[in-house]
Amino acid sequence: MAQLNLIRYPAHEGEPRVGIGAHSDYECLTLLAQDNNGGLEARNAAGDWIAVPPIEGTFVVNIGDMMARWTNDRFASTIHRVYNRSSNERYSMPFFCGCNYHTLVSCLPHCSSSDNPPHYPDTFAGEHLVGRLDATNAHRQNTSGAGV
């Protein structure tokens with residue numbers, strides 16, 4: 001499963017505003033192209049928000065929730081947000097990289113031990129994604145369907 005989005009944050013006047021609130025991505029990895037207006041922030045291990053300035057010709061790579069599950073949080077999901085401090089329009093293009101709907105997502109053997117058992121139950125990639133979408137979008141009806 002993969003998805004490419006084009007996101008536009010409208011221009012605004014006055015106080016900076018949150019373009020999208022704090023969240024982690026659902027899939028394995030996200031490749032992000034952003035314009036030169038900035039605004040992307042990531043939360044570091046100390047819980048502080050740090051700017052992720054755009055660098056010409058590069059992509060931002062975020063670890064997603066599914067990769068965190070596979071690696072037992074050895075690679076943690078990147079908590080991030082967009083806080084538009086510019087009065088300009090802002091554009092970003094995230095490419096969400098996942099896996100096939102029926103792929104079993106189970107803690108990799110070298111990522112757990114008797115002292116560090118798996119943090120998450122096994123799931124299937126599609127069920128994980130649909131569950132996250134349903135939990136995040138209260139207005140969305142569960143469309144997973146039986147036997148999909």
Side-chain angles (χ1 to χ4, degrees), residues 1-10 16-85 89-148:
M1 295 185 291
Q3 180 179 343
L4 176 67
N5 290 350
L6 174 61
I7 303 172
R8 175 184 170 264
Y9 302 89
R17 71 169 83 161
V18 173
I20 187 167
H23 68 284
S24 59
D25 295 334
Y26 311 147
E27 301 281 3
C28 296
L29 294 171
T30 302
L31 306 176
L32 177 70
Q34 56 181 335
D35 69 11
N36 290 325
N37 288 308
L40 178 63
E41 298 178 345
R43 193 164 60 201
N44 66 17
D48 300 320
W49 290 103
I50 57 171
V52 182
I55 300 171
E56 183 93 19
T58 67
F59 293 93
V60 174
V61 179
N62 285 336
I63 301 287
D65 297 340
M66 201 170 309
M67 184 67 71
R69 291 179 77 104
W70 256 326
T71 64
N72 212 28
D73 293 324
R74 183 176 293 180
F75 296 104
S77 297
T78 308
I79 307 295
H80 56 286
R81 68 183 183 185
V82 174
Y83 201 79
N84 191 3
R85 300 178 192 288
E89 285 183 318
R90 180 185 187 277
Y91 289 90
S92 67
M93 281 195 325
F95 179 67
F96 303 103
C97 306
C99 33
N100 291 333
Y101 190 95
H102 296 289
T103 300
L104 179 64
V105 180
S106 181
C107 180
L108 297 171
H110 63 281
C111 292
S112 66
S113 66
S114 57
D115 294 336
N116 185 29
H119 302 163
Y120 308 97
D122 292 354
T123 189
F124 289 96
E127 291 173 4
H128 166 77
L129 179 59
V130 169
R132 287 297 314 265
L133 289 168
D134 286 344
T136 307
N137 300 284
H139 64 280
R140 190 174 183 279
Q141 292 183 359
N142 184 338
T143 58
S144 60
V148 174

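Because only heavy atoms are used, hydrogens play no part in the values below, and waters and symmetry mates are left out as well, while side chains stay in.
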Please enumerate all residues that pass side-chain hydrogen bond (donor to acceptor under 3.5 Å, both in side chains) together with Q34, with sequence neighbours excluded. R90
Rounded to the nearest 0.5 Å, what's the gap from CH2 on W49 to CG on N44? Could you check? 9.5 Å
Counterpart residues, side-chain hydrogen bond (donor to acceptor under 3.5 Å, both in side chains), relative to D35 (two or more places apart): N37
Sequence-distant partners of S92, side-chain hydrogen bond (donor to acceptor under 3.5 Å, both in side chains), two or more places apart: none
Residues S112 and P117: closest non-hydrogen pair is CB-C, 4.3 Å
Look only at the side chain of H128 and the backbone of Y26, and say whether a donor-acceptor pair between them is shorter than 3.5 Å. yes
T103 meets the side-chain contact (heavy atoms from CB on, under 4.5 Å) criterion, sequence neighbours left out, with W70, C99, N100, A125
Can you tell me how far apart CD (E41) and OH (Y83) are? Round to the nearest 0.5 Å. 8.0 Å
Scanning both residues in full, the closest heavy-atom pair of A22 with I79 reads CB-CG2, 4.3 Å
Do F124 and V105 make a side-chain contact, defined as non-hydrogen atoms from C-beta onward lying under 4.5 Å apart? no
Heavy-atom side-chain proximity of H23 to H80 below 4.5 angstrom: yes
Would you say R69's side chain and P121's backbone share a donor-acceptor pair under 3.5 angstrom? yes
Search all heavy atoms of P53 against all heavy atoms of A51 and return the closest pair with its distance. CD-O, 3.3 Å
For T78, what residues pass the side-chain hydrogen bond (donor to acceptor under 3.5 Å, both in side chains) criterion, not counting sequence neighbours? none
Once rounded to the nearest 0.5 Å, what's the spacing between atom CZ of R43 and atom OG of S77? 11.0 Å
Can you find a heavy atom in the side chain of T123 that is under 4.5 Å from one in the side chain of M66? no
Look at atom OH of Y120 and say whether more than 12 heavy atoms of other residues, nucleotides or ligands are closer to it than 6.0 Å. yes
Residue pair I63 / L29, side-chain heavy-atom distance below 4.5 Å: yes
Determine whether L129 and Y101 make a side-chain contact, defined as any pair of heavy atoms from C-beta on separated by less than 4.5 Å. no
Going by the rule side-chain contact (heavy atoms from CB on, under 4.5 Å), which residues pair with F96 if we only count those two or more places apart in sequence or in a different chain? Q3, N5, D25, E27, T30, P94
Atom pair CE/CG of M93 and L32 - distance to nearest 0.5 Å: 9.0 Å
Under 3.5 Å donor-acceptor, N72 side chain and L108 backbone: no
